[in-house]
A.B. asks: 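I'd like to ask you about the structure that follows.
Starting from 1, each residue takes its place in the sequence as its number. Not measured: the values here are computed from a predicted model.
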Amino acid sequence: MKTDQYSLLKEKLASKAYSSIFVLVDENTDKFCLDIFIKKTNIDKFNKITINSGEENKNIDTCLMIWDKLNFFNADRKSLLINLGGGVLTDVGGFAASTYLRGINFVNIPTTLLGMVDAAHGGKTGIDFKLLKNQIGVFREPKEVILDSVYLTTLKKDEFINGYAEIFKHSLLTNKKDLNFNSLIKLDFHKDVNFIIEKYSEIKKEIVELDKFESNQRKILNLGHTIGHAVESYSYMNPNFKELRHGEAIIVGIITELYISYKQLDFPIIDLKNIKSNILKYFDQVKFDNKDISLIYDLLAYDKKNEGEKVNFVLLKEIGRPIIDQEVSEEVFRESFKFYNQSL
């Protein structure tokens, strides 16, 4: 990683390039990360906006509050919003900045592993609508993404591990043998974290550069997300079901969609079982009954990748060979959950 990740931002702040600076935090990053940010940047004048953490707050009401604060502090088109937080915060902050006065500049400083390798990159901003994932949003790149692993020391163990869902996904998409899944699981997830952040965020950035608006190649980044997003939404909608973090839901999506890949594209069964057993060393296995599976299947109708009534999946022919726009029958969908539910 670069010696000083903050050099460009500090240069801009010192040059008075922006009329006003806003820092968006939630209650956690306000407490644990803001002082680190201030020391790293030497920033001396800014307006703080605080939102509530959690996926349940990734909605239009949070945006209304951010826009109201920007108005209150007389933000203009030369203002800058710095998003200091995890994936929910950078998604919401990016969307709020992209739509305020038809767009003001923003910088993402992710404070979670998931944000560092995935959410903060790629120019996707957005919010959930009626608990459906990422239904409202725009494509707009941040002026800068600052990756600083020092913020990871503020995380609890389960939140740190949550970020590995997207890293696992990236390792399944790459054809680089030194970075694929079988190489990743040989690394020490704590000691090698700087290497992991740099290399696996680069995988996403390379894919995005080929297809910024997700018309073709970028779709492969949705591996595990067609089912994963439906599972995540379901966990928030059903009061009798455990609410899942994004990473926990994506792990369910990865395993089930790799089973579908095995059924439809002959993805090697030995790889499927190896991936499942290794992933579930880090993530608890969630149990789904037939009613859960039926309701999750119904939620696929709201997936943003759909075309007409067709639900599009990303499947794997083999590790490093994703295939986009695959249709899946309800029967195979249900089979995939039976495989997921099986004990190791």
Side-chain angles (χ1 to χ4, degrees), residues 1-12 29 32-33 36-37 39-41 82-91 94 106-124 141-155 157 159-212 217-218 220-225 246-247 250-251 254 275 278-279 282 319-320 322:
M1 285 188 171
K2 299 175 186 175
T3 304
D4 185 2
Q5 286 275 294
Y6 300 85
S7 56
L8 181 59
L9 178 59
K10 287 193 290 188
E11 181 183 321
K12 288 285 188 182
T29 55
F32 298 109
C33 302
I36 298 172
F37 165 77
K39 290 175 183 176
K40 293 270 187 173
T41 59
I82 299 171
N83 299 315
L84 182 68
V88 168
L89 187 140
T90 57
D91 276 1
F106 65 97
V107 168
N108 286 338
I109 306 180
T111 59
T112 64
L113 186 57
L114 190 150
M116 291 179 189
V117 298
D118 188 72
H121 307 277
K124 278 187 176 181
E141 292 280 358
K143 295 300 289 183
E144 191 178 357
V145 178
I146 294 174
L147 304 179
D148 188 348
S149 61
V150 70
Y151 295 111
L152 299 180
T153 63
T154 69
L155 299 179
K157 181 182 176 181
E159 187 57 47
F160 177 84
I161 291 297
N162 187 51
Y164 271 91
E166 296 290 352
I167 296 169
F168 284 135
K169 180 199 74 178
H170 291 165
S171 76
L172 293 167
L173 296 175
T174 185
N175 56 14
K176 299 176 182 178
K177 290 192 175 180
D178 60 330
L179 296 178
N180 71 15
F181 183 85
N182 294 319
S183 295
L184 171 64
I185 58 176
K186 295 175 184 177
L187 298 175
D188 184 308
F189 283 7
H190 291 274
K191 292 180 181 178
D192 297 321
V193 71
N194 282 323
F195 172 85
I196 289 168
I197 292 168
E198 180 179 359
K199 295 299 183 181
Y200 289 90
S201 63
E202 195 63 39
I203 290 171
K204 175 168 183 176
K205 286 185 277 187
E206 289 173 359
I207 293 169
V208 169
E209 280 300 311
L210 297 172
D211 178 20
K212 290 190 176 182
Q217 182 68 11
R218 183 172 177 166
I220 68 173
L221 291 169
N222 291 305
L223 176 68
H225 285 60
H246 177 72
I250 295 308
I251 289 301
I254 288 173
I275 290 164
N278 274 288
I279 285 179
Y282 302 96
I319 293 175

A.B. asks: Got a salt bridge between Lys205 and Glu202, using NZ or NE/NH1/NH2 to carboxylate O under 4.0 Å?
C.D. replies: yes

A.B. asks: When rounded to the nearest 0.5 angstrom, what distance separates NZ in Lys212 from CD in Gln217?
C.D. replies: 15.5 Å

A.B. asks: So, Thr174 side chain and Ser171 main chain: donor-acceptor pair closer than 3.5 Å or not?
C.D. replies: no

A.B. asks: Between Thr41 and Ile82, does the side chain to side chain contact (heavy atoms under 4.5 Å, CB included) criterion hold? Intermediate values first, please.
C.D. replies: CA-CA 12 Å; Thr41 59; Ile82 299 171; over 6 Å; no

A.B. asks: Would you indicate whether the side-chain heavy atoms of Val208 and His121 approach each other to under 4.5 Å?
C.D. replies: no

A.B. asks: Check whether Asn108 reaches the backbone of Pro110 with its side chain - one donor and one acceptor, N or O, closer than 3.5 Å.
C.D. replies: no

A.B. asks: Please check if the side chain of His225 supplies one atom and the backbone of Leu223 the other of a donor-acceptor pair under 3.5 Å.
C.D. replies: yes

A.B. asks: Less than 4.5 Å apart, any side-chain heavy atom of Asn162 and any of Thr112?
C.D. replies: no

A.B. asks: Mind checking whether Ile197 and Leu113 have side chains closer than 4.5 Å, heavy atoms only?
C.D. replies: yes

A.B. asks: Determine whether Asp178 and Lys199 make a side-chain contact, defined as any pair of heavy atoms from C-beta on separated by less than 4.5 Å.
C.D. replies: no

A.B. asks: Should Lys124 and Asp91 be marked as a side chain to side chain contact (heavy atoms under 4.5 Å, CB included) after you check the CA-CA gap, both sets of side-chain angles, and the distance that decides it?
C.D. replies: CA-CA 7 Å; Lys124 278 187 176 181; Asp91 276 1; 5.7 Å; no

A.B. asks: Report the C-alpha separation of Tyr200 and Leu184 in whole Å, then their side-chain angles, then the decisive distance to 0.1 Å, and conclude whether the side chain to side chain contact (heavy atoms under 4.5 Å, CB included) test is met.
C.D. replies: CA-CA 10 Å; Tyr200 289 90; Leu184 171 64; 3.6 Å; yes

A.B. asks: State, yes or no, whether a side-chain contact exists between Ile167 and Phe189 at a heavy-atom distance under 4.5 Å.
C.D. replies: no

A.B. asks: How long is the straight-line distance from CZ of Phe160 back to OG1 of Thr154, given to the nearest 0.5 Å?
C.D. replies: 11.0 Å

A.B. asks: Using every non-hydrogen atom in the two residues, find where Ala119 and Gly87 come nearest and quote the distance to one decimal.
C.D. replies: CB-CA, 3.6 Å

A.B. asks: Could you check Lys40 against Asp148 for side chain to side chain contact (heavy atoms under 4.5 Å, CB included), going step by step and ending with a plain yes or no?
C.D. replies: CA-CA 10 Å; Lys40 293 270 187 173; Asp148 188 348; 3.2 Å; yes

A.B. asks: What's the spacing between Leu147 CG and Asn194 CG if we round to 0.5 Å?
C.D. replies: 10.0 Å

A.B. asks: Please step through salt bridge (Lys or Arg N to Asp or Glu O under 4.0 Å) for the pair Lys169 and Asp118, ending with a clear verdict.
C.D. replies: CA-CA 10 Å; Lys169 180 199 74 178; Asp118 188 72; 3.6 Å; yes

A.B. asks: Can you tell if the side chain of Phe195 reaches within under 4.5 Å of the side chain of Leu179, non-hydrogen atoms only?
C.D. replies: yes

A.B. asks: So, do Thr90 and Val145 sit near enough that their side-chain heavy atoms are less than 4.5 Å apart?
C.D. replies: no

A.B. asks: So, taking the atom named CG in Leu172 and the one named CD1 in Ile254, what distance separates them when rounded to the nearest 0.5 Å?
C.D. replies: 6.0 Å

A.B. asks: Ignoring hydrogens and geometry, is there a side-chain-to-backbone donor-acceptor pair from Thr29 to Gly85 under 3.5 Å?
C.D. replies: no

A.B. asks: Rounded to the nearest 0.5 Å, what separates atom CD in Glu144 from atom CD1 in Ile109?
C.D. replies: 8.0 Å

A.B. asks: Any heavy-atom pair between the side chains of Tyr151 and Ile146 that's under 4.5 Å?
C.D. replies: no

A.B. asks: Counting only heavy atoms not in Lys204 (residues, nucleotides, ligands), do more than 12 fall under 6.0 Å from its NZ?
C.D. replies: yes

A.B. asks: If I take atom CD1 from residue Ile207 and atom CG from residue Leu221, how far apart are they, to the nearest 0.5 angstrom?
C.D. replies: 4.5 Å

A.B. asks: Can the ring centres of Tyr282 and Tyr164 be said to be less than 6.0 Å apart?
C.D. replies: no

